[in-house]
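Protein chains get the first letters and strands the later ones, always in sequence-line order, with residue 1 at the start of each.
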Amino acid sequence: MDDMMFFTFLAALMGAAWRLATPLIFASIGAVFSERAGVLNIGLEGTMLVGAFCGFAAAFATGSIPLGLLAGVGGGMLFGLVFAFFTITIKADQIVVGAALNLLGMGLTAFLFRTYYVSTGKGIEIAQPVHIPWLSDLPFLGEAFFRQNLIVYSTILTAILATLVLYRTAFGLTLRAVGEHPKAVDVAGRNVATYRYAAVMVGTGLAGLGGAFLTLGHSNQFVEGITSGRGFIALAVVVFARWSPIGAFFVSLLFGLFYALQLMLQAQASVVVPYQVLQALPYIMTIITLVFVRGKGAAPSKLGQPYEMR
Amino acid sequence: MEQVNQGARDHVYPQAAHALYRTLSQAAISAATPIAAVLVALSFGAALLWLNGFTGTDVVTVMVMGSFQDARSIGEILLKATPLILIGAGLCVAFRCSIWNIGAEGQLYVGAIAATFVGTSIDGLSVWIHAPLVMLAGALAGAAWAGIAGYLKVRFQASEIVTTIMLNYIALILTSYLVTGPMRDVSAAYPQSARLVREAWTPRIVSDMRLHIGILVAIVLAVALYIFLQRSSRGFALRVVGLNPHAARYAGMDVRRNVMIAICISGAMAGLAGAFEVAGVTHRLYQNISPGYGFEGIAVALLANNNPLAAILSGGLFAMLRSGSEVLQITSQVPQVLVLVIQGIVILSVVAFAKFRGMFAGLR
């Protein structure tokens, strides 16, 4: 590869990395919210699938991408309500309920997809990149940063907004306290369960949005298991990011880079590595992340524990 | 003297009767939860079918009843029950130790790979040696694959939930690489490995049915794991670690060692299940040799309340539902993935009923 080609490759790689990071950014920032409140939701994978399916179905019916995104968020939150009811109200084990919701998400979306859509074989119009005058036409930078669709750009806003809510509002302060010291919140007269419900709703709503991006902003079709582990990878991203929304944004970008690298190297004829090695890259990197980044000290101290009101 | 004895006996017998009554009523209550959970899940499935324009009652008439047609169809149910009982019983051990091994699917695949390797690369052994060798290879490979997650947990505190799931994807990709590359049977159009030599096949129980002795092995191992958990000191230590690792450490138990043992046992069982799928059913390695037995095993263990003995029953039940969902797809075009929905609802119902039972017990 000469220098010119290398830069073209690099620009395309960075553009693809952000796009592929987008579902992870939404899901992991959502997970930061629920985990900060002490709720570990391993059902994110199923939640993202529900978001992907609802988004696809709504856009298929109406032809509108905003409505599709709304349906994705709504579907995710509905799923989150089930999770919250089981884990917060009746205090069932969060991991068991999460595992059940993953099965349910996989099963329900595949069942409905096969019943209604698989035979149509039709896709939907996906969100198109917006052309920003001047910026999109810049050499290198244009391709790398300024030829994305609006959903991709909104990830920056999401990360900033999440940080403001979490660290600069009374709601965020209480939410974090619920994960660290729920008893203090309880004694102060606030309802721990309400805050945990809210945190789970924000988390699953964002996971649903991340899933909906897959069908509305990336691929134009729903495929069974389209999330392929992104819900689980988001959980690892949160650990790496030490439960910070801005951290989750950048760690997701790193994972997006692995995804992009895998896709683009597969297309390069000169690469002799079997494509499966590249395919396994995001998963291997997730494990390595967990091994080398020990942010356990930063974990909310009541993560995964139901709160018993006295 | 005589009178004292008489009095003592009067005192003893009602007590024994009461104990018997209590044991029986407890057994009835603990059986009621899973039965109710299954009924709720089937009703949910029926409602889902009805809402989407299928015949709702098919869930019972076709899915449950339809899978029992003749000896052959019962044999097919037991064939599906084999991996479910193996994985479910193994996961009971891990879950009792509070190790969330979600990676049985990957451990199954690695077991299948190892079994294929031993079954295709060696020739000329007697069936008495080769068939058990294949099973052993599968179990060891599964244990080793699970052991990676176990080691990362005890050494680096890496969450086994995430690592086992990542290892699932890696094992699946590895299988796809092997059957399209190094292990591929080049004479076949479809990516698959060479056929295992005859001596490596798991012996069948009846020669004209696919059912193999794996089901017997599964039942024996489930019973063995039950005895191990309930009666051995190691099993006791695993359960203590699961309930309270701090107390276990305080009592002088090696928490890390127990965690490793628990996750490796569950991995070995899943690996053995993979070996049986290759050596007993397909006789070749394929890209998608498991329809999700590893994930279904989680539901099997939870429905059994993490009791390996009960996993025999819940494994059989899920096998029946899976067979039934195949019949339902053929007769009424209902997508077979319905079975995943039913599994999810079963788990949710089990936890809900267990909580409600606890609430009522608290009221009494």
Side-chain angles (χ1 to χ4, degrees), chain A residues 40 42-43 45-46 82-83 85-87 89-93 95-116 118 224 228-229 231-236 239 274-294 296, chain B residues 48-49 52-54 95 98 100 102 148-149 152-153 155-159 161-163 165-178 180-182 292 295-296 298-299 302 329 333-352 354-356 358-359:
Chain A
L40 178 64
I42 73 158
E45 177 78 2
V82 178
F83 181 82
F85 173 75
F86 275 91
T87 57
T89 304
I90 69 173
K91 302 187 181 73
D93 191 294
I95 294 168
V96 173
V97 176
L101 287 188
N102 283 333
L103 283 172
L104 212 55
M106 181 76 206
L108 273 177
T109 54
F111 176 85
L112 294 173
F113 180 68
R114 287 191 202 175
T115 305
Y116 293 109
V118 78
E224 286 172 32
S228 55
F232 299 117
I233 291 179
L235 296 177
V239 177
Y275 76 90
Q276 288 97 345
V277 175
L278 301 169
Q279 232 178 10
L281 200 62
Y283 308 115
I284 294 171
M285 293 316 295
T286 304
I287 293 179
I288 292 177
T289 300
L290 283 182
V291 168
F292 285 102
V293 184
R294 270 174 285 168
K296 294 294 179 295
Chain B
L48 187 67
L49 288 193
N52 290 291
F54 298 103
F95 292 170
S98 284
W100 296 106
I102 316 287
I148 298 175
L152 296 179
K153 182 180 177 67
R155 176 75 181 75
F156 301 103
Q157 293 95 48
S159 157
I161 300 172
V162 178
T163 53
I165 290 166
M166 294 304 125
L167 287 167
N168 278 343
Y169 289 106
I170 297 170
L172 268 136
I173 293 169
L174 181 67
T175 310
S176 135
Y177 167 67
L178 289 174
T180 53
F295 299 108
E296 203 165 343
I298 299 170
L302 293 174
Q329 171 147 353
Q333 286 80 49
V334 172
Q336 210 201 313
V337 284
L338 176 69
V339 79
L340 294 178
V341 179
I342 290 180
Q343 285 167 20
I345 300 289
V346 164
I347 299 179
L348 288 182
S349 310
V350 166
V351 294
K355 286 287 164 185
F356 291 140
M359 274 164 57

Which portion of V118(A) sits near chain B, non-hydrogen atoms under 4.5 angstrom: neither
CG on L108(A) to CG on L48(B), rounded to 0.5 Å: 6.0 Å
I165(B) portion near chain A, given a 4.5 angstrom heavy-atom threshold: side chain
Region of I95(A) in contact with chain B, defined by heavy-atom distances below 4.5 Å: side chain
Pairs of heavy atoms under 4.5 Å with chain A: top-ranked of V339(B), L340(B), L167(B): L340(B)
Per-residue contact mode, I173(B) against chain A (heavy atom under 4.5 angstrom): both
Chain A interface, residue from L302(B), I298(B), L174(B) that has the most non-hydrogen pairs under 4.5 Å: L302(B)
Atom group of V334(B) that falls short of 4.5 Å from chain A, counting heavy atoms: side chain
Chain A contact via I345(B) - side chain, backbone, both or neither, heavy atoms under 4.5 Å: both
Chain A contact via F54(B) - side chain, backbone, both or neither, heavy atoms under 4.5 Å: side chain
Residue, of F232(A), Y116(A), F85(A), that accumulates the most heavy atom pairs under 4.5 Å with chain B: F232(A)
Interatomic spacing from CD in Q279(A) to CG in L172(B) - rounded to 0.5 Å: 10.0 Å
Residue F113(A) versus chain B: region with a heavy atom under 4.5 Å: neither
Mutual orientation of the aromatic rings belonging to Y283(A) and Y169(B) [parallel < 30°, tilted 30-60°, perpendicular > 60°]: parallel
Separation between CG of L348(B) and CD of Q343(B), rounded to the nearest 0.5 Å: 12.0 Å
